[in-house]
Amino acid sequence: METIKAINTSEVAAPFRSDLANLRRRMLGLSQAELAVASGISQPVLSKIEDGLKSPSESQQAALASALRCPVGFFFQKEREYGAPISAHPMFRKRAAVGVKVLNRFIAELNVRIAHLRAFVNAVDIAPELPMPQYDVDDFAGGAEEVAANVRRAWYMPLGPVKSLMDYVERSGCIVVHLDMAEAQIDGVSYRIPGLPPIIFLNSRAPADRQRFSLAHELGHLVMHAIPHPEMEEQANQFASALLMPKADVLPYLRDISLERAAQLKKVWRVSMGALIVRAKTTGAIDHYQSDYLWRQMSALGYRTQEPPELAFEPEVPTVFPALVRHFTEELEYDAVDLERVLALHFEEVASMYGLKSQTGLRLVR
């Protein structure tokens, strides 16, 4: 009888990933026709390559890598491609003016950053100090507001304003990453991916009060929404408002609130004046007539677009993800060539994405 030899899959060469070629093209905002011109590969052939109907030759792989400004290794990564996070779909429907091309580029960049995050996380052991609670919001008569109260209790948060929400979120094992989402006009997105800690991406270009509310909003999705839910965006907003401004703690400050009072409270509770006005209405501190009057004042003064700059406070900065990057560059002493190999992008792009400079200890060797 013929003996069948077991195949060691680690010895099998990784196949060319046509989906990654397509993803990189979207990340750079190129059309297939533009890539065909840049690579010197005819569009019909390129279309078949992207559809997985044709395996590119080594020379075609090199041409694609050159045109897409990445190492050939980018097309052979094992990381699967992820679509938009479940919390993003309602937002995307409201972003029709942004355009599909911009949103596709945004999702492609998220995919690349997720692959990088896996590489960073695999090099360390992350031991959360706090639990990341999971609740079904439908189990609570008080809805998202009651869920937020339970999270505060689970994290032993003191009464009153939250000094640093970032600290609590990171101590629960969540990785927070800042990146520029201005073009996509998105404040934040979150992912739960097998084998990775929960991830929250925040728009680095947003003002500090908006970043902080978005952080609480995305935390709400991670805590309450394992699957899509028609009311999930409203529930996440309710959760964020209650987490940052618990009713029992904030209500005495919101009774008959004025714009002047909202301006004073902004730095105390570290939320926007608008968020304070909304919370005043939802807690019953003011009625809808008072709320409408305050919003008319906000509009007349231009505060709905931008609140007074003198009221701004410093944004909460992630510490865990930068520490992961420093672990690679300083403790493991990865140089530019090492980073290109592990992250499958040229060092110049990696440096731009993660703020790396030559003085970080990297040996910029080519």
Side-chain angles (χ1 to χ4, degrees), residues 10 14 17 20 23-24 27 69-85 105-130 132 166-181 188-204 211 215 218-219 222 315-365:
S10 64
R17 294 273 303 279
L20 292 183
L23 182 140
R24 180 61 176 172
M27 183 178 177
R69 306 196 296 275
C70 63
V72 172
F74 184 92
F75 310 124
F76 293 87
Q77 297 176 87
K78 295 181 180 179
E79 187 75 31
R80 58 156 285 194
E81 181 180 354
Y82 300 96
R105 183 160 62 241
F106 174 64
I107 295 300
E109 181 176 351
L110 289 181
N111 269 270
V112 168
R113 288 178 177 269
I114 288 169
H116 291 177
L117 181 57
R118 194 182 295 278
F120 291 135
V121 168
N122 285 344
V124 299
D125 290 323
I126 297 178
E129 300 174 36
L130 298 172
M132 174 61 78
M166 184 72 71
D167 179 61
Y168 283 100
V169 171
E170 290 190 319
R171 286 169 59 201
S172 73
C174 186
I175 304 294
V176 182
V177 181
H178 273 165
L179 69 150
D180 189 341
M181 302 182 186
V189 294
S190 51
Y191 280 91
R192 274 193 176 274
I193 296 174
L196 285 175
I199 311 166
I200 294 177
F201 292 98
L202 291 179
N203 184 1
S204 60
Q211 282 188 32
L215 179 60
E218 295 305 322
L219 175 64
L222 293 174
E316 297 181 10
V317 180
T319 61
V320 174
F321 183 72
L324 293 176
V325 177
R326 287 197 304 273
H327 179 70
F328 257 60
T329 60
E330 297 176 8
E331 296 179 36
L332 299 183
E333 297 184 347
Y334 274 48
D335 62 20
V337 174
D338 296 328
L339 287 173
E340 288 190 356
R341 177 175 53 80
V342 173
L343 304 182
L345 288 179
H346 292 313
F347 175 74
E348 289 78 7
E349 186 169 357
V350 171
S352 176
M353 292 174 78
Y354 303 119
L356 301 179
K357 297 186 173 80
S358 58
Q359 56 264 36
T360 61
L362 287 169
R363 303 183 302 282
L364 302 186
V365 179

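If you read the sequence from its start, that first residue is 1, and numbering goes on from there. As a basis for the values below, the full set of heavy atoms in this structure was taken, side chains included, without hydrogen atoms, waters or symmetry mates.
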Backbone of [Y] reached by a side-chain donor or acceptor of [X] within 3.5 Å:
X: N111; Y: Y82; answer: yes
X: E218; Y: S190; answer: yes
X: Q211; Y: P315; answer: no
X: R118; Y: L196; answer: no
X: R341; Y: G73; answer: no

Using every non-hydrogen atom in the two residues, find where [X] and [Y] come nearest and quote the distance to one decimal.
X: C70; Y: A344; result: CB-O, 4.3 Å
X: G83; Y: I107; result: C-CG2, 4.2 Å
X: A119; Y: F328; result: O-CZ, 3.5 Å
X: M132; Y: R192; result: CG-NH2, 3.1 Å
X: A123; Y: H327; result: O-NE2, 3.5 Å
X: F347; Y: L339; result: CE1-CD1, 4.0 Å

Measure the spacing between [atom1] of [X] and [atom2] of [Y] and express it to the nearest 0.5 Å.
X: F201; Y: L179; atom1: CZ; atom2: CG; value: 6.5 Å
X: M166; Y: E316; atom1: CE; atom2: CD; value: 6.0 Å
X: I200; Y: H178; atom1: CD1; atom2: NE2; value: 10.0 Å
X: D335; Y: E340; atom1: CG; atom2: CD; value: 9.0 Å
X: I193; Y: Y191; atom1: CD1; atom2: OH; value: 6.5 Å
X: L345; Y: M353; atom1: CG; atom2: CE; value: 6.0 Å

**OP:** Step by step, work out the salt bridge (Lys or Arg N to Asp or Glu O under 4.0 Å) result for E333 and R326.
**Re:** CA-CA 9 Å; E333 297 184 347; R326 287 197 304 273; over 6 Å; no

Heavy atoms, side chains only, cut-off 4.5 Å: are [X] and [Y] in contact?
X: V121; Y: P197; result: yes
X: I199; Y: V176; result: no
X: P318; Y: E170; result: yes
X: V342; Y: H116; result: no
X: M181; Y: F106; result: yes
X: V112; Y: L23; result: yes
X: L324; Y: L117; result: yes
X: Y168; Y: L215; result: no

**OP:** Check whether NZ of the Lys or CZ of the Arg R24 lies under 6.0 Å from the centre of the six-membered ring of F74 and within 45 degrees of that ring's axis.
**Re:**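 Relative to the ring axis of F74, which defines the angle, R24 lies inside both limits.
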
Original post:
Between R69 and E349, does at least one N-O distance fall below 4.0 Å, as a salt bridge requires?
Top reply: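 Salt bridge absent between R69 and E349.
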
**OP:** Evaluate the salt bridge (Lys or Arg N to Asp or Glu O under 4.0 Å) criterion for residues R113 and E109: first the C-alpha distance (whole Å), next the side-chain angles of each, then the deciding distance (0.1 Å), finally the verdict.
**Re:** CA-CA 6 Å; R113 288 178 177 269; E109 181 176 351; 2.9 Å; yes

**OP:** Give me the ring orientation class for F120 and F321: parallel if the planes are under 30° apart, tilted from 30 to 60°, perpendicular past 60°.
**Re:**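 Judged by the thresholds at 30° and 60°, the geometry between F120 and F321 is perpendicular.
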
